[in-house]
Asks: 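Pasting a structure here, questions to come.
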Amino acid sequence: FAMVMCAGRAKDIKWGLFFTLIAGLTAKIFIDWYGKPQLIFMAACSLFWLTLVISRDPRRIVGFSAIFIVLSGAWFVNPLNSIYLLTEFTHHNFIFSNVISTVTEVSQIALNKILYRMTGSVLVSVFCLLGIVFWAIRHPVIAIAYAPLAGFALLTIVLGNRALFYSAPFFWFGGGYLVVLITRLAVYQFSYRLGNFAQICSILASAATCAALLLFIWVTGPVNQLARPSIPVPIIKAMSEIKQISGGENGVVASWWDYGYASMLMNGLPTFTDPGTHLSNTNYFIADALLSSNPVYTADTLRFLARGGLSSLEAKVENRTALTQIMIDKRDDLAPTVYLMLTDQMTSWIPSISKIGRWDIDLGSPILAKGHRADRIWFIIF
């Protein structure tokens with residue numbers, strides 16, 4: 001966004017082109033790392049807006065935007081086809097439940113809690129919002145260019161906790177702007193007494209105010225944004241032990257998705273699922289295997305996943321019964337060694353595991369526990 005801002009505001013078209021190239025290459029690195037083209041198009045919209053309003057040169061408006069998008073390698077994504085909006089997804093004729101609703105960090109929170117978690121105080125957050133409004137009035141062109149980034153604050157209402165971390169800096173920026181503005185206005189009121197030192201005093205006062213504000217943020221900022229380790233130390237040690245147990249053998253770790261990244265870090269073995277694969281059918285099969293009271297069925301399912309799961313099938317399967325039969329028929333086929341890791345921590349995740357695993361992938365509906373009506377869905381495992 002910084003390079004986009006420079007490209008859009010450059011007076012010389014050569015400098016504008018230079019900054020556009022840098023912005024496009026930076027976006028390419030970003031998208032290779034994070035893989036979210038929506039964020040790249042947000043920057044592209046800002047570049048289009050800035051060149052449209054500032055330069056009004058058709059070559060820049062069309063050319064810079066096209067160069068930026070082509071260099072970034074971003075592809076079009078339907079915004080309505082988002083994991084946060086979908087309730088289910090299909091694969092191989094099966095209908096799977098979207099598991100994002102089971103993730104704690106996307107749970108929705110009240111507006112007053114959002115304001116509190118942004119800065120550590122509802123009053124301070126309101127003050128920061130007021131500063132953002134004043135800044136937008138004072139710099140409307142740049143404010144519109146940065147509007148996509150500021151939109152993360154609105155996404156907090158939809159995405160819950162996940163967007164809070166990204167939104168907080170914008171709130172503090174608004175507060176900082178308003179504090180500096182008030183400081184400079186105060187200095188201006190006494191400038192007639194300062195004479196030639198008015199400008200110097202204004203700069204020094206603004207710098208001192210910013211330093212004081214940074215100290216204030218450091219002392220009073222919400223520490224709950226620094227997440228504590230979610231995986232206990234004994235489990236981390238157990239993950240490390242798997243590396244010694246495997247002895248370098250070709251294998252895969254089967255556990256719940258929360259352990260995915262940590263497990264790969266500690267033992268170097270691949271996993272079936274991780275926190276970045278919420279829109280994957282593998283989560284259903286893992287949950288289904290964990291909930292089964294038949295260890296043979298669980299073993300068949302894990303070996304099926306180890307051989308590639310649904311992606312390994314040469315043709316689409318008609319129904320779940322046929323898929324189960326395929327697992328049984330291929331029971332003795334060669335498959336990587338599966339290391340199943342179960343922990344006491346996972347018992348607290350049973351509601352989420354049950355919600356995902358107790359699902360009819362033929363009909364795309366939950367499997368109700370016996371004794372419960374359809375209008376009161378509970379997932380209880382005995």
Side-chain angles (χ1 to χ4, degrees), residues 1-2 5 34 36 38-39 41-43 45-46 49 79-80 82-87 98-186 205-230 258 275 278 352:
F1 264 85
M5 196 64 59
Y34 196 46
K36 298 294 184 181
Q38 301 94 325
L39 301 177
F41 281 104
M42 288 165 58
C45 291
S46 296
W49 165 257
L80 299 178
S82 170
I83 185 175
Y84 299 101
L85 301 178
L86 296 176
T87 57
N98 185 1
V99 304
I100 196 68
S101 60
T102 65
V103 181
T104 304
E105 66 176 0
V106 297
S107 58
Q108 295 183 359
I109 55 181
L111 180 59
N112 61 328
K113 291 185 177 180
I114 292 176
L115 295 176
Y116 173 77
R117 294 186 184 183
M118 286 291 187
T119 62
S121 168
V122 175
L123 183 61
V124 173
S125 292
V126 173
F127 179 82
C128 291
L129 279 174
L130 187 62
I132 294 176
V133 172
F134 276 111
W135 172 77
I137 295 174
R138 177 64 179 81
H139 305 280
V141 174
I142 299 178
I144 293 176
Y146 275 117
L149 287 179
F152 273 115
L154 298 177
L155 287 177
T156 302
I157 301 174
V158 179
L159 305 185
N161 294 321
R162 174 169 289 188
L164 285 175
F165 181 80
Y166 302 102
S167 304
F170 299 104
F171 272 69
W172 285 117
F173 167 79
Y177 176 82
L178 189 54
V179 168
V180 172
L181 182 63
I182 294 173
T183 301
R184 302 188 78 170
L185 287 174
S206 299
T209 302
C210 288
L213 184 60
L214 286 174
L215 180 62
F216 172 77
I217 295 172
W218 180 268
V219 174
T220 65
V223 295
N224 57 11
Q225 288 186 355
L226 301 176
R228 297 179 180 179
S230 58
D258 295 70
H278 295 312
S352 297

Asks: In chain order, what residues pass the side-chain hydrogen bond (donor to acceptor under 3.5 Å, both in side chains) check against Thr209, with sequence neighbours excluded?
Replies: Thr183

Asks: By side chain to side chain contact (heavy atoms under 4.5 Å, CB included), which residues pair with Val180, not counting sequence neighbours?
Replies: Arg184, Ser206, Cys210

Asks: For residues Val124 and Trp172, determine if any side-chain heavy atom of one lies less than 4.5 Å from a side-chain heavy atom of the other.
Replies: yes

Asks: Which atom pairs, one a donor and one an acceptor, fall under 3.5 Å between side chains of residues 134-142 and the rest of the protein, sequence neighbours left out?
Replies:
none

Asks: Which is it for Tyr177 and Ile132 under the side chain to side chain contact (heavy atoms under 4.5 Å, CB included) test, yes or no, and what are the steps along the way?
Replies: CA-CA 8 Å; Tyr177 176 82; Ile132 294 176; over 6 Å; no

Asks: Checking side chain to side chain contact (heavy atoms under 4.5 Å, CB included) for the pair Phe1/Leu39: CA distance, chi angles, key distance, verdict?
Replies: CA-CA 10 Å; Phe1 264 85; Leu39 301 177; over 6 Å; no

Asks: What residues, two or more places apart in sequence or in another chain, satisfy side chain to side chain contact (heavy atoms under 4.5 Å, CB included) together with Ala145?
Replies: Met5, Ser46, Trp49, Leu50

Asks: Return the minimal non-hydrogen interatomic distance between Tyr116 and Ser125, and the atom names on each side.
Replies: N-OG, 4.5 Å

